[in-house]
Amino acid sequence: MFAPLLQNLRDRRPLVHAITNYVTANDCANLLLACGASPIMADDPDEAPEITAHAAGLVLNLGTLHRGTISAMVACGKTANARGIPVVLDPVGAGASRLRTETALQLLREVRLTVIRGNLSEMEALARGHGGAHGVDAAQTVTRDNLEGCCALVQDFARRTGAVAAMSGAVDLVSDGQQVFCIRNGHPMMRLVTGTGCQLSCLAGAFAAANPDHPLEAAAAAVCAMGLCGEIAHQRLGPADGNGSLRTYILDAVCRLTPEQLEKGARYELR
């Protein structure tokens with residue numbers, strides 16, 4: 001199912017405009033290069049919408065949010081909508097502060113989003129419309145024990161927003177409001193690398209840009225690919241290697257991932 005989507009990404013090499021955060025911007029840019037896309041990062045309101053107009057995908061990340069980027073995100077989102085460009089929102093830390101939560105909710109109201117990728121705490125905060133998360137990391141996560149309830153939540157959230165919802169956790173869930181992909185790729189050590197979630201959102205943006213007619217499958221392919229590359233990276237670790245090596249090996253794995261590897265290594269079920 002996913003091999004043609006990755007092949008399209010490699011062949012089409014879409015330009016992806018990412019308004020991301022200064023903690024992970026370099027890794028996000030390298031991730032986009034590794035997967036076959038071309039990154040561009042501009043967040044000044046005076047130029048950002050113009051940059052979006054030339055891109056094939058837009059990624060909005062609230063990780064290090066400040067007032068200067070909020071207007072740029074809204075304007076870029078509206079430009080993308082006018083031109084039919086897929087938009088991915090990563091509502092990092094939604095629920096942790098009023099500014100983050102209100103900004104994410106504003107984007108939900110004013111921009112037609114293609115994919116919303118976040119953890120359980122972030123999506124619950126947006127579904128409720130107010131705060132409650134403990135920070136940028138998930139205060140709680142999707143597990144086998146709460147899987148049924150989380151499937152219902154992500155499915156309902158996708159229906160209400162009109163976007164594909166991708167919820168990260170021990171089991172990743174991706175839904176368009178009808179179907180739910182339950183994805184079991186990844187390795188727990190990925191949590192020790194700052195920005196793997198931000199990179200995943202950019203990867204989702206790249207897959208969506210290269211496969212604009214298949215947003216659900218594009219998002220699921222991105223989640224499977226990132227998790228699979230985390231597994232491949234972990235297998236490379238030697239006795240003296242830690243999270244720094246894993247960070248590099250994840251990028252290497254994304255760069256070298258083939259459509260055949262993704263097709264064979266993706267572990268998911270459809271509900």
Side-chain angles (χ1 to χ4, degrees), residues 5 8-9 12-26 28-33 35-94 99-118 122 126 157-158 160-166 176 197-219 222:
L5 305 182
N8 286 342
L9 175 52
R12 295 173 181 174
R13 304 189 64 82
L15 178 65
V16 177
H17 179 198
I19 301 181
T20 184
N21 68 80
Y22 54 70
V23 177
T24 64
N26 181 262
C28 287
N30 281 322
L31 185 284
L32 286 168
L33 289 170
C35 75
S38 296
I40 187 165
M41 295 179 173
D43 61 8
D44 191 293
D46 288 339
E47 72 159 356
E50 183 180 357
I51 296 296
T52 296
H54 298 295
L58 174 66
V59 179
L60 305 176
N61 180 301
L62 307 189
T64 50
L65 189 65
H66 57 86
R67 290 289 183 186
T69 58
I70 294 174
S71 60
M73 288 184 180
V74 173
C76 288
K78 291 180 177 180
T79 297
N81 287 170
R83 293 176 176 266
I85 298 166
V87 183
V88 175
L89 173 64
D90 188 339
V92 180
L99 179 64
R100 288 175 184 270
T101 307
E102 289 180 351
T103 299
L105 293 172
Q106 179 184 2
L107 289 166
L108 285 176
R109 289 192 306 270
E110 299 186 24
V111 177
R112 187 170 64 256
L113 301 169
T114 308
V115 179
I116 303 169
R117 194 219 63 81
E122 291 158 352
L126 296 183
F157 188 69
R160 288 169 54 190
T161 60
V164 173
D176 62 353
C198 300
Q199 291 177 66
L200 172 55
S201 294
C202 285
L203 188 59
F207 267 97
N211 302 278
D213 295 330
H214 303 282
L216 173 64
E217 293 80 4

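Only heavy atoms go into these numbers, but all of them, side chains included; no hydrogens, no water, no symmetry mates. Sequential numbering from 1 along the given sequence is applied to the chain's residues. Keep in mind that this is a model prediction, so the values were computed, not measured.
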Between [X] and [Y], is there a donor-acceptor pair closer than 3.5 Å when you use the side chain of the first and the backbone of the second?
{"X": "Thr161", "Y": "Phe157", "answer": "yes"}
{"X": "Arg100", "Y": "Leu62", "answer": "yes"}
{"X": "Gln199", "Y": "Cys28", "answer": "no"}
{"X": "Asn211", "Y": "Leu5", "answer": "yes"}

Using a 4.5 Å cut-off on heavy atoms from C-beta on, say whether the side chain of [Y] contacts that of [X].
{"X": "Leu15", "Y": "Ser38", "result": "yes"}
{"X": "Leu89", "Y": "Met73", "result": "no"}
{"X": "Thr52", "Y": "Ile19", "result": "no"}

Closest heavy-atom contact between [X] and [Y]?
{"X": "Arg117", "Y": "Ser201", "result": "NE-OG, 2.7 Å"}
{"X": "Ala72", "Y": "Asp43", "result": "CB-O, 3.4 Å"}
{"X": "Arg12", "Y": "Pro212", "result": "NH1-CD, 4.5 Å"}
{"X": "Asn81", "Y": "Arg112", "result": "OD1-N, 2.7 Å"}

- Residues two or more places apart in sequence or in another chain: which of them pass side-chain hydrogen bond (donor to acceptor under 3.5 Å, both in side chains) with Thr114?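 In terms of side-chain hydrogen bond (donor to acceptor under 3.5 Å, both in side chains), with neighbours along the sequence ignored, Thr114 is linked to no residue.
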